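We name chains A, B, ... by the order of the sequence lines, and we start the count at 1 in each one. For clarity, every value in this text was computed on a predicted model and none was experimentally measured.
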There are 2 protein chains.
Amino acid sequence: MSHSEVTRPTLSDALTERMLDLIRQGGHRPGDRLPSTRELSQRFAVTTPTLREALRRLEATGAIEMRHGSGIYVGAAIERVVLPNPNVRQIHGEQLLDLLDARILIEPPLAARAALNKRGAELRTLLDRAAQYLQGRDTELAEVNLDFHRSVARAAGNGVLAEVVDSLLTVHASEQREILRLFDDRRRDYEEHLAILEAIVDGDPQSAGELMKAHLLDVKTVIEQRM
Amino acid sequence: MSHSEVTRPTLSDALTERMLDLIRQGGHRPGDRLPSTRELSQRFAVTTPTLREALRRLEATGAIEMRHGSGIYVGAAIERVVLPNPNVRQIHGEQLLDLLDARILIEPPLAARAALNKRGAELRTLLDRAAQYLQGRDTELAEVNLDFHRSVARAAGNGVLAEVVDSLLTVHASEQREILRLFDDRRRDYEEHLAILEAIVDGDPQSAGELMKAHLLDVKTVIEQRM
DNA sequence: CCGCTTAGGTGATTAGATGACTTGATATGT
DNA sequence: ACATATCAAGTCATCTAATCACCTAAGCGG
């Protein structure tokens, strides 16, 4: 992928590289605007379609963002290590169980670390927001519940592991949307999230880890039942 | 990323989707050949550059592979859940340590599971190959050492976790190539790999996990020293 | 001061033609 | 008969030039 050179010599490859140089040498950060396609194609002495192929590649991996009529911007994922596969639409059963097992291995230790880091404040406001959605608004509640897991992972302090968890959640969520299998019991999720939160703000890593594990095992049970 | 629709209505988006449908409805597997660009552009009633933008996006995420003069083929990564970011060139210190910590969390349990699964045979042949590279041939040896970690992860039986480990290794390796910091002691790596292997073929999960953890802590120490 | 209009800038797509590469079939030589 | 060299058809890669669609901020009018 990044350096597996079996096929080599395309101009588009070189352009991709030069674009990345341009972004990094220029010290641009996510959200910054880049030169227009016309200027870029002139600067690199290539035609519009060729340049755009390179841009689309960068866009597909989150390195840039192209906004019609507005411009090209540095993407949020440019510094990430791992990415979710954006092409996943449906997951077959075994893969979904593997995904859950992966979460069961990774997330409980992260919850424990979050408890050690005393970073419960942001999680609290998140669950407050969730409480507002408890009556109706299933879609929003599902979104907030996902964000809870993302936030716990981020609070653990390891950016790479947070990316891994985010990738797993993103793929799982996109699969749920595709199939409209929103069978999870989001109220129960909320309750269990609340318990995890308490353990984190109390600075109790062992409970936080155990509660997270129990929570994910519950989720897995639900998934196994409907297979 | 996959469904974060802030910007929407581009023809190229729709084409990407139709291409994925074409691949999946057609039951194509990685390596299979797809119709030519000419036929695809006619079938979808779009011009060459537009189609190619969609193809480049799919290529960037490993869903397809375009070979000059030959054709378009289904990519190996089309069914993956997580991907390595192909745009990473250099990693800053903190991120590299996070990456190692992630490996320390994930890989030891995988080594333990591999021991339970009694799948040491392939690992043995791998390390036999490594032994041939012990005199000289640093590049090949580094490659085989990477493959050892990948194989252990795969032998654990969880495809998603194997993808995560693969992604972490891929990014780490591409960074090493970029900076030419091949300071790791690959002979010592080989010795430690051998010890892990023995534990796995002996079906001793606890030793396998502990040895893997000790090994990765050694690697982390080396990285910390040169920072 | 606020809302609407508008013009300039920007990305998205079109159209057809040409160059570069791969591959399997053909031809050639031994 | 077999190995090698040649070649032609198919395929991806790039170019050229123009038009369409969209966003945004400046300017206008209320």
* To do: Not counting sequence neighbours, which residues clear side chain to side chain donor-acceptor pair (under 3.5 Å) with Ser41(B)? List them please.
  => none
* **Spacing between Glu53(B) atom CD and dT14(D) atom C1', to the nearest angstrom** => 14 Å
* What residues form a salt bridge (charged side-chain N to carboxylate O under 4.0 Å, His left out) with Arg56(B), not counting sequence neighbours? -> Glu53(A), Glu59(B)
What protein N or O atoms touch nucleotides 5-7 of chain C N or O atoms at under 3.5 angstrom, if any, and at what distances?
none

* Structure fact -> Taken to the nearest whole Å, CZ/Arg52(B) to C1'/dA20(C) is 12 Å
* For DNA chain D, whose closest nucleotide is more 5', that of Tyr73(A) or that of Pro35(B)? -> Pro35(B)
* Counterpart residues, salt bridge (charged side-chain N to carboxylate O under 4.0 Å, His left out), relative to Asp98(B) (two or more places apart) -> none
* Rounded to whole angstrom units, what separation is found between the CD1 atom of Ile72(B) and the P atom of dT23(C)? -> 15 Å
Output side-chain donor-acceptor pairs under 3.5 Å for residues 27-36 of chain A, partner residues at least two apart or in another chain, one line each.
| residue | atom | partner | partner atom | Å |
| --- | --- | --- | --- | --- |
| Asp32(A) | OD2 | Arg29(A) | N | 2.9 |
| Arg33(A) | NH2 | Ser70(A) | O | 3.3 |
| Ser36(A) | OG | Glu39(A) | N | 3.3 |

* To do: Please name all residues satisfying salt bridge (charged side-chain N to carboxylate O under 4.0 Å, His left out) with Glu79(A), sequence neighbours left out, ordered by chain then number.
  => none
* Who pairs with Arg18(B) by side-chain contact (heavy atoms from CB on, under 4.5 Å), at least two apart in sequence or on another chain? -> Phe44(B)
* **Nucleotide dT11(D), atom C1' - distance to CZ of Arg33(B) in whole Å** => 7 Å
* Which one, dT14(D), dT14(C), dC12(D), comes nearest to the side chain of Leu11(A)? -> dT14(D)
* Asked: Would you find a donor on one side and an acceptor on the other, under 3.5 Å apart, between the side chain of Asn87(B) and the backbone of Ile78(A)?
  -> no
* Rounded to the nearest angstrom, tell me the gap between atom CG in Leu15(A) and atom P in dC15(D). => 8 Å
* His149(B) ring center within less than 6.0 Å of His215(B) ring center -> yes
* **Residues forming a side chain to side chain donor-acceptor pair (under 3.5 Å) with Gln95(A), sequence neighbours excluded** => none
* Distance check: side-chain N/O of Thr50(A) vs OP1/OP2 of dC15(D), anything under 4.0 Å? -> yes
* To do: Figure out the CG/P separation between Leu51(A) and dA13(D), and round it to whole Å.
  => 16 Å
* To do: Determine: side-chain N/O of Thr37(B) to OP1/OP2 of dC12(D), distance under 4.0 Å, yes or no.
  => yes
* Quickly work out the Leu40(A) CG to dT10(C) C1' distance and round it to whole Å. => 12 Å
* To do: Choose from dC12(D), dA12(C), dT10(C) the nucleotide whose nearest atom is closest to any side-chain atom of Arg56(A).
  => dA12(C)
* Asked: Can you tell me if the side-chain N/O atoms of Arg67(A) get under 4.0 Å from OP1 or OP2 in dA12(C)?
  -> no
* Asked: Nucleotide by nucleotide, 5' to 3', does protein get under 4.0 Å of the base (B), only the sugar-phosphate (S), or neither (-) in nucleotides 16-22 of chain D, counting heavy atoms?
  -> B----BB
* Asked: Hey, can you pull the residues of residues 23-32 of chain A with a non-hydrogen atom under 4.0 angstrom from DNA chain D?
  -> none
* Structure fact -> Across all chains, not counting sequence neighbours, the salt bridge (charged side-chain N to carboxylate O under 4.0 Å, His left out) partners of Arg103(A) are Glu107(A)
* Go through the steps for Arg80(A) and Ser167(A) under the test side chain to side chain donor-acceptor pair (under 3.5 Å), then give the verdict. => CA-CA 11 Å; Arg80(A) 282 182 65 142; Ser167(A) 300; 3.0 Å; yes
* Separation of atom CE in Met66(A) from atom P in dT10(C), rounded to whole Å -> 14 Å
* Please list, chain by chain and in numerical order, all residues satisfying side chain to side chain donor-acceptor pair (under 3.5 Å) with Thr50(A), sequence neighbours excluded. => Thr47(A)
